[in-house]
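Here the structure comes first, spelled out in structure tokens, and everything after it is commentary.
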Amino acid sequence: MYRMLIADDNKNERDGMKYLISKYQLPIEISEARNGKEALQIVQQQKFDIVLTDIKMPFMDGLELAKEVRTLYPNMKIMLLSGHGEFEYARLAIPLRVLHYLLKPVEAQELRRVLSEV
């Protein structure tokens with residue numbers, strides 16, 4: 001069983017991800033954070049295999065969270081989730097060794113494929 005932290009300030013987005021993971025019976029235990037600051041605190045207290053984070057969040061955005069997580073846990077698998085298809089976000093994610101950059105709304109099959117790869 002893998003452990004994943006979903007960080008997104010939108011509860012509907014978090015619930016949607018949890019629903020899809022459950023629907024496809026993926027072996028993933030999920031924890032949630034409402035923003036980047038909360039996510040960083042949770043990551044420092046618990047062990048995770050994957051962090052899936054929205055880019056635009058209050059207190060600490062997803063790119064900053066990815067940077068902090070990468071510093072603490074160099075081998076952590078990090079995926080970004082965003083409603084923004086702008087190249088600048090993807091460009092900033094490259095040095096952070098982000099595995100995937102998913103655009104909202106996430107299609108069920110795409111999420112399944114990406115999580116199976118990870």
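Heads up: numbering here begins at 1 and tracks the sequence.
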Donor-acceptor contact present, side-chain Tyr73 to main-chain Val43, <3.5 Å: yes

Under 3.5 Å: donor-acceptor pair, side chain of Arg3, backbone of Lys47: yes

Any chance you could measure [X], atom [atom1], to [Y], atom [atom2], to the nearest 0.5 Å?
X: Ile21; Y: Leu115; atom1: CD1; atom2: CG; answer: 5.0 Å
X: Ser82; Y: Leu102; atom1: OG; atom2: CG; answer: 10.0 Å
X: Ile50; Y: Glu29; atom1: CD1; atom2: CD; answer: 12.0 Å
X: Glu107; Y: Arg113; atom1: CD; atom2: CZ; answer: 10.5 Å
X: Leu52; Y: Arg14; atom1: CG; atom2: CZ; answer: 11.5 Å
X: Gln46; Y: Phe48; atom1: CD; atom2: CZ; answer: 4.5 Å

Are [X] and [Y] joined in one hydrophobic group, where the rule is that I, L, V, M, F, W and Y side chains link up if heavy atoms are under 4.5 Å apart?
X: Ile55; Y: Val69; value: yes
X: Ile78; Y: Leu103; value: yes
X: Met76; Y: Met4; value: no
X: Ile28; Y: Leu99; value: yes
X: Phe59; Y: Met57; value: no

Option among Leu5, Thr53, Asn35 that satisfies the side-chain contact (heavy atoms from CB on, under 4.5 Å) test with Leu65: Thr53

side-chain hydrogen bond (donor to acceptor under 3.5 Å, both in side chains) partners for Lys11, two or more places apart: Asp15

Taking all non-hydrogen atoms of both residues, which atom of [X] and which atom of [Y] are closest, and how far apart?
X: Ala93; Y: Leu80; value: CB-CD1, 3.5 Å
X: Leu96; Y: Arg70; value: O-NE, 2.9 Å
X: Lys37; Y: Met60; value: N-CB, 3.6 Å

Tyr19 atom OH, neighbour heavy-atom count above 12 within 6.0 Å: no

Trace of the side chain to side chain contact (heavy atoms under 4.5 Å, CB included) decision for Tyr101 with Leu81: CA-CA 6 Å; Tyr101 184 93; Leu81 177 66; over 6 Å; no

Pair Met79-Val114, side chain to side chain contact (heavy atoms under 4.5 Å, CB included): steps then yes or no: CA-CA 9 Å; Met79 300 186 309; Val114 165; 3.3 Å; yes

From CA spacing to verdict: side chain to side chain contact (heavy atoms under 4.5 Å, CB included), Ile30, Lys18: CA-CA 7 Å; Ile30 300 169; Lys18 290 189 315 186; 3.8 Å; yes

Check: Leu63 and Val98 side chains under 4.5 Å, non-hydrogen atoms: no

Test item: Val106 and Met17 side chains (from C-beta on) under 4.5 Å apart, heavy atoms: yes

Lys/Arg N to Asp/Glu carboxylate O, Asp8 vs Lys104, below 4.0 Å: yes

Option among Arg112, Lys77, His100 that satisfies the side-chain hydrogen bond (donor to acceptor under 3.5 Å, both in side chains) test with Glu117: His100

